[in-house]
Amino acid sequence: RVVVLHAREAGIGHHGAAAVDGLRARHPALHHGAEDDVLEVRLPREERALPAALFLVALTTLMFEVLLTRVFSLTLWYHFAFMAISLAMLGMTLGALLVFLRPHAWPQATLARSMGRCAELFALSMTAVILLHSVMYVPNPTAYPVPMMLTFAAAAVPFVFSGIFVCLALTRFPQRV
């Protein structure tokens with residue numbers, strides 16, 4: 001026999017498998033029957049989507065960092081390739097600081113929409129950074145440092161949006177990840 005309960009109906013909430021014993025205590029029908037009874041608890045779609053979204057944003061962040069490393073090594077001097085790692089750490093830290101210093105900017109009621117907007121801005125800003133860098137002419141970074149500084153400043157922006165998304169996912173929904 002298979003018993004299917006949605007998480008809200010079962011009263012589990014966000015506690016997952018750790019609350020199955022409590023669920024069995026609240027629903028005596030689960031105690032009766034054969035040993036092969038199966039308890040299946042289905043979480044709502046929005047609760048299952050967060051780990052997947054976090055995985056995709058983190059993977060895209062890493063892939064964009066590798067892409068920037070390759071682009072910088074080809075278009076700038078080779079030793080600027082490692083600047084992508086520094087920019088990623090700077091941008092993600094700025095995003096986490098924004099979440100920490102301004103928690104009221106992301107109210108719980110609109111948090112899913114705000115996180116979706118951050119992921120969208122992350123994708124758009126990645127595209128804009130690559131296009132900006134490809135059209136900006138950087139003949140000699142020592143003679144003309146302004147285009148290079150603009151490129152580095154712009155390259156940190158996508159990581160800020162990624163940092164906001166990751167920080168919101170880890171701090172506002174710790175039980176889901």
ring-ring contact (aromatic ring centres under 6.0 Å, His included) contacts touching residues 108-128 (sequence neighbours left out): none
Gap between atom CE of M148 and atom NE2 of H133 - 0.5 Å precision: 10.5 Å
Ignoring hydrogens and angles, write down the donor-acceptor pairs under 3.5 Å from the side chains of residues 84-99, residues two or more places apart or on other chains.
{"unit_1": "T93", "atom_1": "OG1", "unit_2": "M89", "atom_2": "O", "d": "2.7"}

Spatial distance of atom CD1 (I130) from atom OG1 (T151) [nearest 0.5 Å]: 10.0 Å
What side-chain donor-acceptor pairs closer than 3.5 Å can you find for residues 107-114, not counting sequence neighbours?
{"unit_1": "S114", "atom_1": "OG", "unit_2": "T110", "atom_2": "O", "d": "3.0"}

Joint cluster assignment, L170 & F173, ILVMFWY side-chain distance < 4.5 Å: yes
Within residues 84-116 or reaching into it, pairs that qualify as ring-ring contact (aromatic ring centres under 6.0 Å, His included) - sequence neighbours excluded: none
Non-hydrogen atoms of F72 and A155 that approach each other most closely: CZ-CB, 4.2 Å
Geometric class of the F80/F152 ring pair [parallel <30°, tilted 30-60°, perpendicular >60°]: tilted
I'd like a table of donor-acceptor pairs (distance under 3.5 Å, sequence neighbours excluded) in which one partner is a side-chain atom from residues 52-67, with atom names and distances.
{"unit_1": "T60", "atom_1": "OG1", "unit_2": "L56", "atom_2": "O", "d": "2.6"}
{"unit_1": "T61", "atom_1": "OG1", "unit_2": "V57", "atom_2": "O", "d": "2.7"}
{"unit_1": "T61", "atom_1": "OG1", "unit_2": "S162", "atom_2": "OG", "d": "2.6"}

